[in-house]
Engineer: 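My questions will all concern the structure given below.
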2 protein chains.
Amino acid sequence: MEKAIAILKKNNYKVTKQRTDLIEYLSKFTVQYVSINDIASYMRSLYPGMSNNTIYRNLKEFSEIGLVEYQEKDKTLVKYQCDFEHRHHHHFVCKNCGKVTELRACPIEFFTDQLPGYTVEGHAIEVYGLCADCTKKLNSK
Amino acid sequence: MEKAIAILKKNNYKVTKQRTDLIEYLSKFTVQYVSINDIASYMRSLYPGMSNNTIYRNLKEFSEIGLVEYQEKDKTLVKYQCDFEHRHHHHFVCKNCGKVTELRACPIEFFTDQLPGYTVEGHAIEVYGLCADCTKKLNSK
DNA sequence: ACCATAATTAGTAATTTTTACTAATTAGTT
DNA sequence: AACTAATTAGTAAAAATTACTAATTATGGT
């Protein structure tokens with residue numbers, strides 16, 4: 001939490017009550033995505049008149065400074081960034097329970113080798129299916 | 001084109017005028033994405049009262065049978081499937097000119113090795129940046 | 001501690017994107 | 001040619017996102 005605040009400051013964002021509470025709520029979701037809708041509901045339970053503007057803008061800004069990330073396949077879902085050090089990695093998302101498993105390392109060189117002269121600015125990788133628990137459960141039926 | 005029609009039939013979809021014209025239009029976009037909006041405009045120039053229903057449903061069905069694919073990062077963009085044989089591959093998308101470059105092969109084993117017991121059902125990979133042409137152009141300025 | 005000010009937010013609305021539903025039409029089959 | 005199930009048009013609503021302005025607030029300097 002203090003770390004997140006520090007990141008806000010480092011990026012010249014003001015530390016408002018709204019942002020603090022938003023971060024606190026988001027920090028529960030390191031292993032699973034929340035919908036922007038749920039976020040809005042929760043935030044409006046604290047700040048009844050909170051505008052979409054505020055919610056969308058903050059999520060967007062948070063994602064830019066690495067506090068938050070959007071799910072690749074469904075941009076209405078968001079999760080807290082597991083590690084602020086920006087160690088680059090990707091995710092496996094379980095379609096059944098929604099659990100997120102971090103994947104180690106990243107095979108981007110696999111692709112950049114095929115792109116001579118190109119400027120590779122970024123990439124999106126997401127693997128999905130059933131986690132080990134759900135695989136076991138669903139197979140034993 | 002005949003190939004696409006064959007795929008429609010194989011999947012028990014009826015071959016309607018609307019679908020034929022939609023496929024014909026989409027087939028221009030093998031190397032670049034079109035927005036669903038542009039598709040709708042074009043289709044409505046042929047069928048003035050064509051409903052969203054028809055457009056969205058057909059695109060969704062086409063993507064299910066592999067005629068079409070959505071852009072990972074922006075689901076309002078769509079392109080014609082380059083190869084119907086379903087040879088699995090991924091894309092590089094140029095942010096400047098929109099050109100799509102096919103990437104050979106796929107490093108999914110890189111990840112599945114890290115996921116023992118998991119059921120990996122699919123994955124999304126997209127690399128973006130500037131293509132060689134745009135890199136050259138923008139650097140020479 | 002106060003002030004100035006630039007950033008942030010609330011409040012309101014509009015726009016964009018997507019989905020829903022039903023009656024009418026149509027492609028494919030017998 | 002008739003039957004039937006799929007498809008479409010037409011209409012509407014829901015969901016998601018963006019826009020704009022005035023009011024409020026956090027922060028840095030005095």
Side-chain angles (χ1 to χ4, degrees), chain A residues 1-2 4-26 33-65 67-79, chain B residues 2 4-26 33-65 67-78:
Chain A
M1 186 71 195
E2 303 84 39
I5 301 292
I7 292 175
L8 271 188
K9 286 183 180 167
K10 185 166 63 185
N11 290 89
N12 299 318
Y13 285 116
K14 292 187 176 175
V15 180
T16 64
K17 291 193 288 339
Q18 290 89 335
R19 282 183 175 149
T20 308
D21 288 329
L22 178 54
I23 290 174
E24 192 180 13
Y25 180 66
L26 287 169
Y33 290 89
V34 221
S35 72
I36 294 180
N37 237 338
D38 287 352
I39 295 171
S41 301
Y42 174 77
M43 290 307 287
R44 290 201 181 106
S45 75
L46 300 185
Y47 305 90
M50 193 173 213
S51 73
N52 277 336
N53 190 331
T54 304
I55 292 160
Y56 278 91
R57 183 176 32 75
N58 277 322
L59 289 176
K60 194 180 163 210
E61 289 166 349
F62 286 5
S63 90
E64 281 163 1
I65 61 178
L67 285 182
V68 144
E69 58 190 307
Y70 292 86
Q71 189 180 93
E72 301 295 344
K73 301 202 57 147
D74 180 356
K75 294 295 161 51
T76 70
L77 298 176
V78 137
K79 76 186 272 300
Chain B
E2 304 83 38
I5 301 291
I7 292 176
L8 270 188
K9 286 184 179 165
K10 185 166 65 185
N11 289 89
N12 299 318
Y13 284 116
K14 292 188 175 174
V15 180
T16 64
K17 291 193 288 340
Q18 289 89 336
R19 280 182 177 151
T20 308
D21 288 327
L22 177 54
I23 290 173
E24 192 181 11
Y25 181 65
L26 287 170
Y33 290 89
V34 220
S35 72
I36 294 180
N37 238 337
D38 287 352
I39 295 172
S41 300
Y42 174 78
M43 291 306 288
R44 289 200 181 107
S45 74
L46 301 184
Y47 305 89
M50 192 172 212
S51 74
N52 277 336
N53 190 332
T54 304
I55 291 160
Y56 278 90
R57 183 176 31 75
N58 277 323
L59 289 176
K60 195 180 162 209
E61 289 166 352
F62 286 5
S63 89
E64 282 162 1
I65 62 178
L67 285 183
V68 144
E69 57 190 307
Y70 292 86
Q71 188 180 96
E72 302 295 345
K73 300 201 56 143
D74 180 354
K75 294 298 162 49
T76 70
L77 298 175
V78 138

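Numbers restart at 1 for each chain; the letters A, B, ... are given by sequence-line order, proteins then strands. On a predicted model such as this, the values are computed, not experimentally measured, just so you know. Computed over heavy atoms, backbone and side chain alike; hydrogens, waters and symmetry mates excluded.
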Engineer: Whole Å only: how far is the CD1 atom of A:Ile39 from the P atom of D:dT17?
Structural biologist: 11 Å
Engineer: Rounded to whole Å, please give me the gap between CG in B:Asn12 and C1' in D:dT4.
Structural biologist: 15 Å
Engineer: What does nucleotides 14-30 of chain C look like as a protein-contact string, B for base, S for sugar-phosphate only, - for none, at under 4.0 angstrom between heavy atoms?
Structural biologist: ---SBB-B-----BS--
Engineer: Check whether any side-chain heavy atom of B:Leu26 sits under 4.5 Å from a side-chain heavy atom of B:Leu59, and report yes or no.
Structural biologist: yes
Engineer: Could you tell me which residues satisfy side-chain contact (heavy atoms from CB on, under 4.5 Å) with A:Leu46, sequence neighbours excluded, listed by chain and number?
Structural biologist: A:Asp21, A:Tyr42
Engineer: When all nucleic acid strands are considered with a 4.0 Å heavy-atom cut-off, which category describes B:Arg19: base, sugar-phosphate, or nothing?
Structural biologist: sugar-phosphate
Engineer: Going by the rule ring pair (Phe, Tyr, Trp, His ring centres under 6.0 Å), which residues pair with B:Tyr56 if we only count those two or more places apart in sequence or in a different chain?
Structural biologist: none
Engineer: Verify the contact: side-chain N or O of A:Gln18 to OP1 or OP2 of C:dA10, cut-off strictly under 4.0 Å; return yes or no.
Structural biologist: yes
Engineer: Rounded off to whole Å, could you give me the CD1-to-C1' distance for the A:Ile55 and D:dT18 pair?
Structural biologist: 13 Å
Engineer: Would you please test A:Thr20 and A:Met1 for side-chain contact (heavy atoms from CB on, under 4.5 Å) and show each step?
Structural biologist: CA-CA 9 Å; A:Thr20 308; A:Met1 186 71 195; 3.5 Å; yes
Engineer: From OH of A:Tyr47 over to P of D:dT24, roughly how many Å is that when rounded to an integer?
Structural biologist: 17 Å
Engineer: Any pair with a residue in residues 7-18 of chain A that passes side-chain hydrogen bond (donor to acceptor under 3.5 Å, both in side chains), sequence neighbours left out, goes on the list, sorted by first then second residue, please.
Structural biologist: none
Engineer: Could you give the angle between the helix axes at the two ends of the helix from C:dA1-D:dT30 to C:dT30-D:dA1, with five pairs per end, rounded to 10 degrees?
Structural biologist: 40°
Engineer: Going by the rule salt bridge (charged side-chain N to carboxylate O under 4.0 Å, His left out), which residues pair with B:Glu69 if we only count those two or more places apart in sequence or in a different chain?
Structural biologist: B:Lys79
Engineer: B:Met50 has an atom CE; how far is it from atom P of D:dT11, in whole Å?
Structural biologist: 16 Å
Engineer: Assess the residue pair A:Thr54 and A:Tyr47 against the criterion (side-chain contact (heavy atoms from CB on, under 4.5 Å)); give the C-alpha distance rounded to whole Å, side-chain angles, the decisive distance to 0.1 Å, and a yes or no.
Structural biologist: CA-CA 11 Å; A:Thr54 304; A:Tyr47 305 90; over 6 Å; no
Engineer: Measure the shortest side-chain to side-chain distance between B:Lys73 and A:Tyr70 over non-hydrogen atoms and say whether it is less than 4.5 angstrom.
Structural biologist: no
